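Okay, structure first, notes after.
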Amino acid sequence: MLKIIFPLLIFYSLSVAGQSRSVDRFRKAYPEDNNLFLYSSTLQMINTENHPEFAGMAKDIDEIRVLNYNKAGSKFTATEIAGLKGGLKEEDYSELLVISEKDNKIYLYGREKKGKTIGFVALVENTETFVIVDVDGNIDIAKFMQLKNKLDTRL
């Protein structure tokens with residue numbers, strides 16, 4: 001019986017994960033030049049001054065993957081980036097925001113399950129670089145704005 005239940009639990013946990021399968025496929029086809037992985041424990045360690053706004057904002061984040069690509073040395077084209085965007089939409093990610101500032105374009109996608117946000121993907125692109133930020137979990141936007149406002153008043 002345990003032999004049947006254990007694989008089902010693993011399959012279920014993979015099916016509800018917030019990390020994008022499209023990003024995984026892109027990453028496998030085009031390995032990033034460098035990356036940064038932040039886990040919930042890492043985020044807690046970063047909060048050395050115990051800011052409640054930061055703790056509240058990050059409490060529902062399980063993992064953040066930041067994948068950096070230099071376009072000059074990459075083998076992907078605009079077609080592959082468009083394919084990544086299409087793959088995100090097939091995974092039920094909704095396009096939340098598109099920002100175009102100077103030479104940068106930022107695309108933000110969010111994914112919900114049963115009314116709860118379970119992940120975000122941001123694609124940041126300019127002529128030289130392409131960055132993928134894949135967040136497994138939820139960012140409390142109200143806490144983020146509180147922290148931003150607090151930091152802005154210090155500057």
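Remember, predicted model here, so these are calculated numbers, not experimental data. Residue indices begin at 1 and follow the sequence shown.
In this structure, the separation between CZ on Arg25 and OG on Ser20 is 7.0 Å, given to the nearest 0.5 Å. Taken from CG in Asp60 to CD1 in Ile118, the straight-line distance is 12.5 Å, to the nearest 0.5 Å. Atom CD1 of Ile132 sits about 5.5 Å away from atom CG of Leu67, to the nearest 0.5 Å. Rounding to the nearest 0.5 angstrom, the gap separating the CE atom in Met45 from the CG atom in Leu38 is 9.5 Å. Rounding to the nearest 0.5 Å gives a distance of 10.5 Å between CG of Leu123 and CD1 of Ile106. Considering OH of Tyr107 and CG of Leu84, their distance stands at 11.5 Å, rounded to 0.5 Å.
In the hydrophobic cluster analysis, where Ile, Leu, Val, Met, Phe, Trp and Tyr join through side-chain heavy atoms closer than 4.5 angstrom, Val124 is grouped together with Leu97. Val98 and Tyr93 fall within the same hydrophobic cluster, where Ile, Leu, Val, Met, Phe, Trp and Tyr residues are linked whenever their side-chain heavy atoms come under 4.5 Å apart, directly or through other members.
With 3.5 Å as the limit, one finds a donor-acceptor pair spanning the side chains of Asn104 and Asn126. A donor atom on one side chain and an acceptor atom on the other are not found under 3.5 Å apart for Gln44 and Ser41.
A donor-acceptor pair under 3.5 Å is formed between the side chain of Thr77 and the backbone N or O of Thr79. Side-chain N or O atoms of Glu91 include one that pairs as donor or acceptor with a backbone N or O of Arg21 at under 3.5 Å. Looking only at distances, no side-chain donor or acceptor of Ser94 sits under 3.5 Å from a matching main-chain atom of Leu96.
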Could you please spell out the steps behind the side-chain contact (heavy atoms from CB on, under 4.5 Å) verdict for Leu108 and Phe120? CA-CA 7 Å; Leu108 180 63; Phe120 291 98; 4.3 Å; yes
Could you go through the side-chain contact (heavy atoms from CB on, under 4.5 Å) check for Thr129 and Asp33 one step at a time? CA-CA 10 Å; Thr129 62; Asp33 295 314; over 6 Å; no
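Put simply, the side chain of Val133 does not reach to within 4.5 Å of the side chain of Val121, judged on heavy atoms. Looking only at side-chain heavy atoms (C-beta outward), Glu32 and Asn68 stay at 4.5 Å or farther from each other. For the pair Glu95/Lys85, no side-chain contact is recorded, criterion being any heavy-atom separation below 4.5 Å from C-beta on. Between Val23 and Arg65, some side-chain heavy-atom pair lies under the 4.5 Å cut-off. In this structure, the side chains of Tyr69 and Arg27 come closer than 4.5 Å at one or more pairs of heavy atoms. Taking 4.5 Å as the limit, every side-chain heavy atom of Asp134 sits out of range of all side-chain heavy atoms of Ile64.
At a threshold of 4.0 Å, the pair Glu125-Lys71 counts as salt-bridged, since one of the basic side-chain nitrogens sits closer than that to a carboxylate oxygen. The pair Arg111-Asp136 fails the salt-bridge criterion, with no side-chain N (NZ, NE, NH1 or NH2) lying under 4.0 Å from an Asp/Glu carboxylate O.
Under the 30°/60° scheme for interplanar angles, the aromatic rings of Tyr30 and Phe26 are found to be tilted.
A 6.0 Å sphere centred on CG of Asn34 holds more than 12 heavy atoms belonging to other residues, nucleotides or ligands.
Taking both residues in full, the closest heavy atoms of Ile61 and Ser40 are given as O-CB, 3.2 Å, listed atom of the first, atom of the second, then distance.
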